[in-house]
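Here's the structure we're looking at; comments come further down.
Because only heavy atoms are used, hydrogens play no part in the values below, and waters and symmetry mates are left out as well, while side chains stay in.
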Amino acid sequence: MRISTHTLFESGAARIGELQSGLVKTQQQIATGRRILAPSDDPVAAARALEVTQSQSLNTQYGANRQHAKSALGAVEGTLTSVTALLQDVKTTVIAAGNGALSDTERGFMATELSGRLEELLGLANTRDAVGNYLFSGFQTTTPAFSKDAITGVVTYDGDPGQRLLQVDATRQMSVTAPGSTVFQGGQDVFQTLNDLVVLLQTPGAPSSVVLGTHNDNLDQALDSVLTVRASVGSRLQELDALDYAGEDRNLQYSQILSELQDLDYAKALTQFSQQQTTLEAAQQSFVKASGLSLFNYI
């Protein structure tokens, strides 16, 4: 079997092209620090790396959701802290109103103070979050939670009982709000209690200790409802911190797995690069010598 000069040229050129491609690939690996440049380089490792990357992406999203949850719950906690202080001040006023030495005028001053407290409480109940959603309206985020009748002074809840949920971990959805009906009208309608106190102190004559005691008990029930919600919010904030720690650990694990699957062994790659260069140079020199062979050189 005779091998033509054309065949020799094609074979030599193909071999050099193959060596050059290998050298270029090694250069790219060194430049990127990645062992796998295409799925075909290591199909099994590439598939596994894709799975880990997707899991890491989800873990990152859960982390972002937890930050949103912390922000929302922090706004609820901050508002309820103010509500707690307000109700405690109201209780102090109610106790003071039981002093039989007070005149109708002095009790009228107290009624005016409580009327202002009622407006302040209504404002707190209609607090918005950082993006303008009403905190205590349930799913009715664009509707104020409570409205007050200008004539009767009756405060009505205009939201719904819904609780907005966020996926804060793979198996955990968390409520980041509390419906106003639960917070302000749960055990006792705090708006009605304040309204009744205002009317009572505006009425001439000293109120009976029994009536004041009933209103004070109603305030205690309203305060208990607020404190119960605050305790729940605090528990959820603690849980979010624990989930953050677990999420950070998972992210570190994912990064380590990806490093093992994808990262380049630089020492091995540099050694291979040097060998490929030497092999390519030898192949090029051999090709030049082989291509120069001809019977005419010996005539």
Side-chain angles (χ1 to χ4, degrees), residues 73 75-128 134-138 140 143-161 163 177-235:
L73 290 172
V76 172
E77 167 62 19
T79 301
L80 295 185
T81 298
S82 298
V83 171
T84 300
L86 185 151
L87 292 180
Q88 289 171 337
D89 288 345
V90 170
K91 281 178 59 64
T92 300
T93 301
V94 171
I95 293 171
N99 186 347
L102 295 176
S103 66
D104 288 344
T105 300
E106 290 170 324
R107 282 190 291 272
F109 292 152
M110 289 182 172
T112 300
E113 178 188 347
L114 291 184
S115 182
R117 288 296 193 172
L118 176 57
E119 293 300 325
E120 183 182 350
L121 181 63
L122 184 61
L124 290 171
N126 286 329
T127 297
R128 301 188 187 205
Y134 288 95
L135 286 179
F136 302 107
S137 294
Q140 310 301 316
T143 302
F146 294 92
S147 60
K148 180 182 177 183
D149 187 282
I151 299 175
T152 64
V154 174
V155 175
T156 304
Y157 181 58
D158 299 319
D160 59 38
Q163 298 187 50
T177 57
S181 54
T182 300
V183 180
F184 300 96
Q185 297 174 321
Q188 174 65 34
D189 188 333
V190 66
F191 299 109
Q192 186 61 51
T193 298
L194 283 175
N195 257 328
D196 292 344
L197 279 167
V198 170
V199 173
L200 178 65
L201 295 178
Q202 287 174 337
T203 302
S208 71
S209 60
V210 174
V211 173
L212 281 175
T214 299
H215 287 308
N216 199 38
D217 289 342
N218 290 342
L219 284 173
D220 283 337
Q221 292 182 37
L223 188 56
D224 284 344
S225 293
V226 173
L227 293 176
T228 297
V229 175
R230 285 187 65 186
S232 174
V233 169
S235 175

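Contact check for V183 versus F136: side-chain heavy atoms found under the 4.5 Å cut-off. T193 is not listed as a side-chain neighbour of D189, based on a closest heavy-atom distance of 4.5 Å or more. When side chains are defined from C-beta on, L200 counts as touching L212, because their heavy atoms get closer than 4.5 Å. Residues L122 and F191 form a side-chain contact, since some pair of their non-hydrogen atoms from C-beta on lies under 4.5 Å apart. Side-chain contact between T182 and P179 is present, with at least one heavy-atom pair separated by less than 4.5 Å. Contact of the V190 side chain with the L223 side chain is not registered, since no non-hydrogen atoms from C-beta on lie closer than 4.5 Å.
For R107 against A206, the heavy-atom pair with the smallest separation is NH2-N, 3.4 Å. When all heavy atoms of V76 and L135 are compared, the pair lying nearest together is N-CD1, 4.1 Å. Here the closest heavy-atom approach between residue N195 and residue G153 is recorded as ND2-O, 2.6 Å. V233 approaches L73 most closely through the heavy-atom pair CG1-O, 3.6 Å. A pairwise comparison of heavy atoms in L201 and A97 identifies CD2-CB, 3.8 Å as the closest pair. Taking each heavy atom of E106 and A101 in turn, the nearest pair found is OE1-O, 4.1 Å.
Contacts classified as side-chain hydrogen bond (donor to acceptor under 3.5 Å, both in side chains) and involving residues 196-208 (residues at least two apart or in different chains) are given here: Q192-D196. Within the structure, every pair that satisfies the side-chain hydrogen bond (donor to acceptor under 3.5 Å, both in side chains) test and touches residues 210-223, not counting sequence neighbours, is listed here: K91-N216, K91-D220.
Distance check, rounded to the nearest 0.5 Å: CG of L227 to CG of L80 gives 9.0 Å. With rounding to the nearest 0.5 Å, the separation of CG in L121 from OG in S82 is 10.5 Å. Distance CG/D104 to CZ/F109: 11.5 Å, rounded to 0.5 Å. To the nearest 0.5 Å, atoms CD (E113) and CD (E120) are separated by 10.0 Å.
Judged by distance alone, the side chain of S137 and the main-chain N or O of T143 form a donor-acceptor pair under 3.5 Å. A donor-acceptor pair is defined here as one N or O able to donate and one able to accept, closer than 3.5 Å; no such pair exists between the side chain of S235 and the backbone of A231. With hydrogens and angles disregarded, no donor-acceptor distance shorter than 3.5 Å links the side chain of D224 to the backbone of G187.
Under the 3.5 Å distance criterion, with hydrogens and angles disregarded, no donor-acceptor pair is assigned to the side chains of Q188 and S225.
Every residue two or more places apart in sequence or in another chain that forms a side chain to side chain contact (heavy atoms under 4.5 Å, CB included) with T81 is listed here: E77, R230. The side chain to side chain donor-acceptor pair (under 3.5 Å) check on Y157 picks up nothing, with sequence neighbours excluded. When the side chain to side chain donor-acceptor pair (under 3.5 Å) test is applied to Q88, no partner is found at least two apart in sequence or on another chain.
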Output a table of donor-acceptor pairs, distance under 3.5 Å, between side-chain atoms of residues 145-152 and any protein atom two or more places apart or on a different chain; print 'none' if there are none.
{"unit_1": "S147", "atom_1": "OG", "unit_2": "D158", "atom_2": "OD2", "d": "2.7"}
{"unit_1": "K148", "atom_1": "NZ", "unit_2": "E119", "atom_2": "OE2", "d": "2.5"}
{"unit_1": "D149", "atom_1": "OD1", "unit_2": "I151", "atom_2": "N", "d": "2.8"}
{"unit_1": "D149", "atom_1": "OD1", "unit_2": "T152", "atom_2": "N", "d": "2.8"}
{"unit_1": "D149", "atom_1": "OD1", "unit_2": "T152", "atom_2": "OG1", "d": "3.3"}
{"unit_1": "T152", "atom_1": "OG1", "unit_2": "V154", "atom_2": "N", "d": "3.3"}

